[in-house]
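We number each residue from 1, following the sequence as shown. Note that ligands are numbered from 1 as they come in the structure, with each ligand's atoms numbered from 1 the same way.
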Amino acid sequence: MSDETSTENLNVLTSTQSVVKEALSKLGYGSEMYDLLREPLRMLTVRFPVRMDDGTVKVFTGYRAQHNDAVGPTKGGIRFHPDVTEDEVKALSLWMSIKCGIANLPYGGGKGGVICDPREMSFREQERLARGYVRAISQVVGPSKDIPAPDVMTNSQVMAWMMDEYSQIREFDSPGFITGKPIVLGGSQGRDTSTARGVAICIREAAKVRGIDLTGSRVVVQGFGNAGSYLAKFMHDAGAKVIGISDAYGALHDDKGLDIDSLLERRDSFGTVTKLFKNTISNKELLELDCDILVPAAIENQITLDNANEIKAKIIVEAANGPTTMEATRILSDRGILLVPDVLGNSGGVIVSYFEWVQNNQGYYWSEQLVMERLEELMVQSFEMVYNTATARKIDMRLAAYMVGIRRMAEAIELRGWV
Ligand code: GLU
């Protein structure tokens with residue numbers, strides 16, 4: 001480990017707080033506003049038992065953070081991952097607040113997580129885990145209180161179990177309790193591909209301002225889960241060359257372009273595919289490949305002081321939450337690389353979640369075309385607002401995104417008389 005690495009802040013909560021502080025101060029807010037917004041208003045820790053297939057009982061720990069509800073109910077996904085921590089869930093809830101603020105959605109941020117490894121659990125064990133978690137948090141969530149959704153290693157099936165459990169507890173059908181559901185249970189057309197669609201729109205807009213032609217451009221995608229795999233497909237279909245993809249176990253590289261359709265067919269439900277191949281490279285090598293566009297779509301802290309100087313991409317669009325540290329953001333921006341931050345880049349997911357919730361509340365369902373049109377409109381509007389703020393103030397797009405995203409929440413807090 002280099003000296004530089006040891007001085008780098010890899011705690012996603014404290015590093016996020018430093019950007020929130022800077023954004024609030026640039027907007028003219030004082031220390032009281034920062035004090036209110038630096039942590040979630042509510043943070044619930046739960047421990048709950050799950051009966052495993054072999055008859056034993058395992059106790060799992062989970063969290064639900066509600067960052068701020070001045071604008072509206074809190075909103076954000078639930079992740080199942082062995083590395084979930086309290087600070088990570090708090091940071092993720094803060095990012096959701098900023099994300100919803102940029103897209104102008106009537107929500108504050110929320111987030112949940114359970115420390116577990118679903119890859120090591122059977123289908124029925126995952127169901128009992130999902131239901132147990134919902135029973136444990138049921139008092140603090142609800143369609144006009146806090147609305148969960150999928151995140152890392154949770155999907156529409158997990159949302160279906162969670163919706164069913166919640167509806168049984170409340171004794172009425174509650175599709176608006178959770179988004180990212182299967183269509184037949186009140187899900188929205190286009191929700192499954194929405195995060196990737198939003199990333200693709202950001203790539204298109206970023207390429208436009210940088211004068212890069214996407215046809216034939218070289219794209220690298222780190223992560224082959226919901227966001228990464230669909231994105232690789234969209235870029236491939238749009239005429240770009242996807243020269244690298246990866247999963248948690250390794251990466252695949254071919255300068256002539258990978259056969260994305262066949263990889264999509266062969267991946268498992270967690271996006272694992274590289275185990276089927278012998279000639280793999282490491283995730284570190286993948287990130288440093290010579291390419292035009294790099295999309296980190298896996299987990300946090302992937303681009304750090306260790307590799308920020310080795311990145312060759314001209315544009316980075318963050319599909320994962322928190323893949324680049326704040327120190328690395330500075331280096332990339334000094335090097336002239338255009339970095340579209342997570343709170344903008346991956347906001348297509350929560351935007352279509354919002355559409356899903358609106359449809360549930362109205363009991364009236366939209367066509368896929370209508371969902372896509374409205375997603376396009378909100379994404380382009382969000383991109384322009386953040387890009388123009390960054391250009392006008394000569395700041396990087398992350399700080400600009402935080403300024404755009406936090407402004408409305410701060411205003412709502414003042415109007416309610418909290419600060
Ligand atoms: N988990 C996704 C995110 O981080 C989606 C959240 C949602 O749809 O509420 O943005």
Y34 and Y29: CA distance, side-chain angles, deciding distance, ring-ring contact (aromatic ring centres under 6.0 Å, His included) verdict:
CA-CA 8 Å; Y34 172 66; Y29 289 101; over 10 Å; no

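Residues meeting the side chain to side chain donor-acceptor pair (under 3.5 Å) test with R64, sequence neighbours left out: D146. Among residues two or more places apart in sequence or in another chain, the side-chain contact (heavy atoms from CB on, under 4.5 Å) test is passed with Q168 by R131, D164.
When the shell of 6.0 Å around CD of Q139 is examined, it contains 12 or fewer heavy atoms from other residues, nucleotides or ligands.
Annotation: ligand 1 has protein neighbours K75, G76, G77, M96, K99, K111, A149, P150, D151, R191, N321, G349, V350, S353, each with a heavy atom less than 4.0 angstrom from the ligand.
Between I303 and L294 there is a side-chain heavy-atom pair separated by less than 4.5 Å.
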Identify all side-chain donor-acceptor contacts of residues 365-372 below 3.5 Å with residues at least two apart in sequence or on another chain.
unit_1: Y365; atom_1: OH; unit_2: N360; atom_2: ND2; d: 2.8
unit_1: S367; atom_1: OG; unit_2: L370; atom_2: N; d: 3.1
unit_1: Q369; atom_1: NE2; unit_2: E373; atom_2: OE2; d: 3.1

